[in-house]
Amino acid sequence: MSIVVNLNTVLAERNLRSKELAEMIGITEANLSILKSGKAKAIRFSTLEAICKALDCQPADILAYKKE
Amino acid sequence: MIITYLLSLNDNIYIMKIFGTKSLSSLSYYIFKSTSIVLIAFLTYLGYAFITNRYTIKDGRFDIKIPLVESSIQADYQFGIILTITLILIFGILLLHLLSNIFKALKDKVIFNKSIIRNLQRLTILNLIIGPVIYVLIQYPIMHHNKLGNIHNLILLVIFGMISLFLTNVFKKGYTVQSENDLTI
């Protein structure tokens with residue numbers, strides 16, 4: 001998939017662990033893992049909003065388009 | 001009684017549950033499964049009766065007493081007739097077994113699953129390929145008929161096969177949508 005999820009980078013910058021973020025945004029660790037690994041087919045605006053709110057960032061900081 | 005029980009499910013709101021546990025699918029699974037087991041037992045008994053000579057012949061017709069029920073099976077004592085009965089019973093067993101598997105898959109929480117697609121594909125093959133082959137075999141090499149007899153059986157097989165072919169593809173689409181939905185975070 002040409003959409004890359006940079007969640008690991010943002011998490012490292014904020015010194016946050018996946019478990020903490022999952023608790024903050026109210027999704028399971030398994031689902032967060034699917035999102036981080038790029039296996040997710042889609043992301044809901046509500047999830048994206050919760051992530052941006054929790055990490056104090058913009059959607060573009062998490063998602064990027066990469067030409068294949 | 002069973003129907004009343006099924007109707008009273010869903011928190012006593014009188015709506016029949018179609019999928020999941022304790023539903024119409026569940027009931028259908030048990031009915032088809034038990035019927036297929038009865039047919040297997042019947043076919044085995046027929047084979048056993050012929051091998052062990054537990055039958056009588058009268059006026060060119062064989063007579064096999066069915067245990068536990070006061071009944072018997074009678075037909076012309078010809079190899080073609082016995083082979084036809086055997087083939088039809090085997091087809092019936094396969095059909096009922098596949099139908100029971102389909103209803104078993106409908107008992108799951110998620111009905112768009114791989115099991116139902118696999119069994120619907122098998123049902124399509126059974127009705128569109130195996131069924132017509134058995135029909136042609138019975139009509140010509142086995143019974144030596146000169147014209148097409150019982151053509152309605154063949155038409156029903158093709159209609160049933162076409163329905164299961166379309167259902168297979170509907171469930172394939174459903175499975176794709178389900179997978180995408182499951183992977184939407």
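Residue numbers start from 1 in every chain, and the chains themselves are labelled A, B, ... in the order their sequence lines are given, proteins ahead of strands.
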Once side-chain hydrogen bond (donor to acceptor under 3.5 Å, both in side chains) is applied, do any residues pair with B/Asn153, and if so which ones, sequence neighbours excluded?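 B/Asn153: no side-chain hydrogen bond (donor to acceptor under 3.5 Å, both in side chains) contacts found.
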
Could you give all pairs that pass the ring pair (Phe, Tyr, Trp, His ring centres under 6.0 Å) test and reach residues 90-137 of chain B, with sequence neighbours left out?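 Pairs touching residues 90-137 of chain B that pass the test: B/Phe32-B/Phe103, B/Phe112-B/Phe171.
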
Whether the B/Ser164 and B/Thr124 side chains hold a donor-acceptor pair (N or O, under 3.5 Å, no angle test) is what I'd like checked.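 Their side chains do contain a donor-acceptor pair, which is all the 3.5 Å distance test asks for.
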
In terms of heavy-atom proximity below 4.5 Å to chain B, should A/Ile34 be classed as side chain, backbone, both, or neither?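 Contact with chain B involves the side chain of A/Ile34 alone.
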
Contacts with chain B made by residues 44-52 of chain A (heavy-atom distance under 4.5 Å), listed by residue number: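 Expected list: A/Arg44, A/Thr47.
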
Filter on salt bridge (Lys or Arg N to Asp or Glu O under 4.0 Å), then keep only pairs touching residues 105-125 of chain B, sequence neighbours left out; what's left?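 Those involving residues 105-125 of chain B do not exist here.
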
Would you name the heavy atoms of A/Val10 and A/Asp61 that are closest together and state the gap between them?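 The pair with the smallest heavy-atom distance is CG2-O, 3.5 Å.
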
Could you walk me through whether B/Ile37 and B/Leu96 pass the side-chain contact (heavy atoms from CB on, under 4.5 Å) check? CA-CA 9 Å; B/Ile37 290 166; B/Leu96 290 169; over 6 Å; no

